[in-house]
Structure formats: C-alpha cells, structure tokens
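Accompanying notes for the structure given below.
Below, read A as the first sequence line, B as the second, and so on, with proteins coming before strands; counting in each chain starts at 1.
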Amino acid sequence: MPEVFRFPKSLKKTLFHYCPGCHHSIIHRLLCEVIDELGIRERTIGLASIGCSCFLYFYIDVDILEAPHGRSCSVGTGIKRARPDLVVFTYQGDGDFAAIGLGDSLHAASRGENITAIMINNTVYGMTGGQVSPTTLLFQKTTTTPYGRDPKKEGYPLKVAEILAGFEGVAFCARGAVNTPQRVLEAKKLLRRAFEIQLRGLGFSYLEFLSACPINWKMDPISATRYVDKLAETFPIKVFKDQLSEGKNEA
Amino acid sequence: MKKIKILEERCKGCGLCIEFCPKKVLGFSEKRNLQGYRVVGFYAKEKCNACGICFLMCPELVFVSEE
C-alpha cells in the first residue's frame, strides 16, 4: 500500500505552471516518490527537454540539466559515461523524443546506454499551440490538421515503444497512463522498475506515458482524461520488454 | 484515520478529484484562490474514509494530511 497524502520530499513546493488537468504534474509526483523510495536523490541527474516540461528544475529537487531540443539522450550518454555512479533520467515529450530527437533517442537506445528515458505522449506539440506531432492519432484534429490527420498526407502514428522493444540494447520498454487511479499505481511500479534496471546496469530503459492535453485537444479536463482511453486503443498500455523479470540480473 | 487538508492556493479547479471520488464527498466551493480558480472543497466531510484516490488523481497535490 503506497503512502498517500504525503508531499514527496524531492518535490519542491512551487506551484506548477501546467494547465488545469495536465497529467505532467501527476508524473512529476510519481517520479519524486520513486526517487525518494530508492534513496537516489543525491546522485540523480535529470535531463529536461524543450516543451512544457522544460521547467522541470522548478519542481523536482534533484540536479536538472537542460538539453538542446531532442538531444537529452545524447547529453545523458555523456553524463553517464563520465560518471557511471550517477543515475541519469531524461524527461521528454513526444515532440522532443519522437520528432526532432528521434535519431538521438534511437541511437542511444540501440547502443544500450544505461540511462532511463521517460517520454510523455500527449499526441500534440503542447507548448507551441497544439500542432500535429508524429504520434497524433489518425483523424485527430490539431491546429495544423484542422480536418483531422489524413494518413495520405501526414502518415500514420509513430509507435516508439514498439520500435524500441525490438532493440537488443533496450532492457526495459513499457507504456503506461495516469488517467485512472489504478493506472497511476501501475505507472509508479513501472517507473520504479525502470530505475531499478538502471541501478543494476542492464541497459537502456524506456517508459512512455499517455497523457492528456486538455487545452490543445479543446476539451475540459475530465473529458480529456477519458479521451486517454481512446489513445490506449492505438497505443496499447503494456510492458513490451522487461529483462529483470526475464531472469537477467547483471549486465 | 488521516485528516485531510486542502491546500486551496494550489488548486486549479480541474475537477478530477470530484470525478474520481468514490464517496462523492468533494465539490466546488464558492471560494476563489489567488490564481482565480474556483477551488475544491468538502461538502460531506463525515463520509470521507481517506481512501487516497483524490491524492492519486490530483495533478496539483492539493490534498495532504494534516500534520
């Protein structure tokens, strides 16, 4: 039974700048709880991305570095190779991880760098005003696809977790969501597992969260939270690869 | 049982806690906070059994225990 109604120690008391109903701050809280439980706060370095999560250093009380757009995994590679005793995680959006940074991310994963990548998939570019992103659902209306995403023009949604699950360097690959209380609890377990894999040095751990973006989906917070279930039809919520449970204990 | 405190200055009025509360003890109050949002409040506090679902779903960490 997790401890409820307790403010995590590594979360600062600053007010979040996120829009009402955004799932970013739920994931921030889970991340801080996991960092507290594992006791790795003093040796953790986070890598913030460009996007809504670029103010990560205002909220999470660990060392945070701001990487250029999409290059978090490459910067994380450098940190982890220079200081293998540190715990490195990246916190990126779908526009950062799957669009501009896809090359960096895929190569870091295929090299099996021992870092944890957390990707928040809300299917649009949230900060810049809701443009179409690689993970936008088919026929979803965005600012730049006002008639819905047409597969003939904009192509099909990119399923990053399925791609990364096929890589040999990837030790953990899963997709979660935080739109119901049960999924929040499962998401925390996934986060904990991703960090445990890194602490054991098994390889790249990738974790994707489906998230709501009520403002850019033009919905109220509750309908947006319900709409995440529709995202889950295209992006199934499951663990694709977990080498720790498959019996591999050391690198 | 835990006593729950609502940090009204953090609330953004998204209503996720009201939607997911199994006992339906939460609702919007008439108060507004500094950011201008209508804040959440108890209207049947005696029915609350501190299950913690509002804490799990709240994006803004409004619900904390009183101590």
Side-chain angles (χ1 to χ4, degrees), chain A residues 1-33 52-53 59-60 120 122 176-189 209 211-215 217 219-228, chain B:
Chain A
M1 184 72 192
E3 186 83 28
V4 290
F5 299 121
R6 199 177 62 183
F7 213 97
K9 274 183 192 153
S10 46
L11 193 64
K12 293 182 190 171
K13 306 246 169 181
T14 328
L15 295 180
F16 291 114
H17 78 281
Y18 302 116
C19 313
C22 181
H23 288 177
H24 258 309
S25 27
I26 302 181
I27 300 162
H28 283 13
R29 175 173 60 77
L30 296 176
L31 188 59
C32 289
E33 284 177 359
C52 288
S53 58
Y59 309 123
I60 300 187
I120 312 298
N122 62 359
V178 287
N179 68 327
T180 61
Q182 186 199 355
R183 282 180 178 162
V184 173
L185 292 174
E186 281 166 6
K188 190 177 166 186
K189 282 180 198 161
F209 285 113
S211 164
C213 189
I215 298 293
W217 293 353
M219 291 177 184
D220 60 279
I222 292 164
S223 340
T225 303
R226 299 268 181 238
Y227 189 78
V228 175
Chain B
M1 200 169 75
K2 281 182 179 161
K3 290 199 172 164
I4 298 153
K5 188 167 69 176
I6 295 180
L7 303 174
E8 287 173 350
E9 72 277 11
R10 293 190 74 91
C11 184
K12 281 182 185 163
C14 64
L16 288 183
C17 50
I18 301 170
E19 174 73 16
F20 284 98
C21 180
K23 296 275 178 186
K24 305 288 170 207
V25 301
L26 294 166
F28 283 119
S29 65
E30 292 301 311
K31 277 189 256 175
R32 285 181 189 267
N33 62 8
L34 276 177
Q35 301 180 78
Y37 294 110
R38 274 181 74 187
V39 298
V40 70
F42 283 113
Y43 62 74
K45 195 168 185 177
E46 67 283 353
K47 276 198 218 159
C48 175
N49 59 1
C51 62
I53 284 179
C54 52
F55 173 81
L56 285 180
M57 288 313 293
C58 179
E60 306 295 326
L61 285 113
V62 168
F63 302 93
V64 293
S65 63
E66 261 179 24
E67 80 235 338

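B:C54 touches chain A through its side chain: at least one heavy atom from C-beta onward sits under 4.5 Å away, while N, CA, C and O do not. Interface residue A:R226: only side-chain heavy atoms are found under 4.5 Å from chain B. Interface remark: B:I4 contributes side-chain atoms only to the contact with chain A (heavy atom separation under 4.5 Å). The contact between A:N179 and chain B is made entirely by backbone atoms, counting heavy-atom distances below 4.5 Å. A:I27 does not touch chain B: none of its heavy atoms, backbone or side chain, sits under 4.5 Å away. Using a 4.5 Å cut-off between heavy atoms, B:F63 touches chain A through backbone and side chain atoms alike.
Taking CG from B:L61 and CZ from A:F5, the interatomic distance works out to 11.5 Å, rounded to the nearest 0.5 Å. To the nearest 0.5 angstrom, B:I53 atom CD1 is 10.5 Å from A:Q182 atom CD. Distance CZ/A:F7 to OG/B:S65: 12.0 Å, rounded to 0.5 Å. Taking CZ from A:R29 and CG from B:L56, the interatomic distance works out to 5.5 Å, rounded to the nearest 0.5 Å. Separating the CZ atom in B:R10 from the OG atom in A:S25 is a distance of 9.0 Å, to the nearest 0.5 Å. A distance of 5.5 Å separates CE in B:M57 from NE2 in A:H23, rounded to the nearest 0.5 Å.
In this structure, A:H17 and B:K12 approach most closely via the heavy-atom pair C-NZ, 3.8 Å. The shortest non-hydrogen separation linking A:G21 to B:C14 is N-CB, 3.4 Å. For A:I26 against B:C58, the heavy-atom pair with the smallest separation is CG1-O, 4.2 Å.
Taking A:P8, A:C19, A:P181 one by one and counting their heavy-atom pairs under 4.5 Å with chain B, the maximum is reached by A:P181. Listed options A:V178, A:T180, A:L30 were ranked by heavy-atom pairs under 4.5 angstrom with chain B; first place goes to A:T180.
Residues A:F16 and B:P59 fail the side-chain proximity criterion, which asks for heavy atoms closer than 4.5 Å. Counting only heavy atoms from C-beta outward, the side chains of A:L15 and B:Q35 approach each other to under 4.5 Å.
For residues 38-57 of chain B, there are no side chain to side chain donor-acceptor pair (under 3.5 Å) pairs, not counting sequence neighbours.
Applying the side-chain contact (heavy atoms from CB on, under 4.5 Å) test to B:K24 and every residue at least two apart in sequence or in another chain returns nothing.
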